[in-house]
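Both ligands and their constituent atoms are indexed starting at 1 by order of listing.
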Amino acid sequence: MLIGAHVSPSGGLPKAIERGEALGARAIQIFNQSPRQWKPTSHSEESIAAFREAMAGSSIDAVLIHAVYLLNCASEDPDIRAKSLTSLTHSLRVGQQIGATGVVLHPGSAKTGDVGQAINRAGAAIAEALKESAGCPLHLENTAGTGGTLGRSIEELAGLIEAADGDERLGLCLDSCHLLASGYDIRTRAGMDELIAEISEKVGLERLGSLHFNDSQTPLGSNRDRHANAGEGELGTAGCTVFLSTPAFEDLACVLETPGVERSGPTRAEVALLMKLRTKGLARAAR
Ligand SMILES: [Zn+2]
Ligand SMILES: [Zn+2]
């Protein structure tokens, strides 16, 4: 498992690599543009080349791009859908340029409308973005299940993949906080086994793409998206250990999106803690 954290690329893409290394990370996640604006940032060829060179000479072996928060591929408004398609396609192209492991996408929201129709709209937009780009995988992130957000269950994620014609570049990004909040008890080995069996049956384990590691401020099934620092939430140290040492996750990039100290983001100590808990969990499983 390549453990790391979400970092800022402000000051230029290569800065993200520097920040990742300062955290002792093996993987990073970045926004390829301001997450709360539609306007795409164009990255020069020099900047892309500098990023690739910095990454090659660093401890970072995987980079994820998180798509803009404003996107709603499932919107009933054709204008929002068109803007979402343009932005997602741009992220996938940047992902291909920088050699990203994947672009992570919140699948969208049905708001108060029909969920089945929303899944079909999102699937069509996602399929189109994949057609307009090449190479870079797209990881659909499971959600906490707040309001009409799509992707609250493995079943719904499977439906989204199907609605996007089952494209081979589609995978899953599993967020530990969102899993717990949406009702998956990932704190126990039995709960994890059940989840992995469901993914295997409905989506296929080959579609496991990446992980977001966050503890949860709110309880199992709360449908609220409130990240806590690792070990300080409802997962606790024991729950974190179980999740991190799951055999099916062995080859995945796993990034923290936690508030950290005074909301300044994940810390070096937290990255180290994750690595330690994973090692501890593997040793326990081997006994
Ligand atoms: Zn996440
Ligand atoms: Zn979240």
If you measure from CZ on Arg26 to SG on Cys254, what distance do you get to the nearest 0.5 Å?
-> 12.5 Å

Among N, O or S atoms, Asp175 approaches the Zn ion (ligand 1) most closely through OD2

Sole candidate of Arg263, His227, Glu270, His6 that passes side chain to side chain donor-acceptor pair (under 3.5 Å) when paired with Thr258 = Glu270

Besides Tyr69, the hydrophobic cluster formed by Ile, Leu, Val, Met, Phe, Trp and Tyr side chains linked at under 4.5 Å, directly or via other members, contains Phe31

The angle formed at the Zn ion (ligand 2) by NE2 of His178 and OD2 of Asp225 is about (to 10 degrees) 90°

Which N, O or S atom name in His212 marks its closest approach to the Zn ion (ligand 1)?
-> ND1

Name of the Glu141 atom (N/O/S only) found closest to the Zn ion (ligand 1) | OE2

Is the distance from the Zn ion (ligand 2) to some N, O or S atom of His227 under 2.8 Å?
-> yes

Pairwise distance CD1(Ile98) to CZ(Phe51) - rounded to 0.5 angstrom = 4.5 Å

Heavy-atom closest pair (Thr237 atom, Thr241 atom, distance to 0.1 Å) is O-OG1, 2.7 Å

The Zn ion (ligand 1) - closest N/O/S atom in Glu257 | OE1

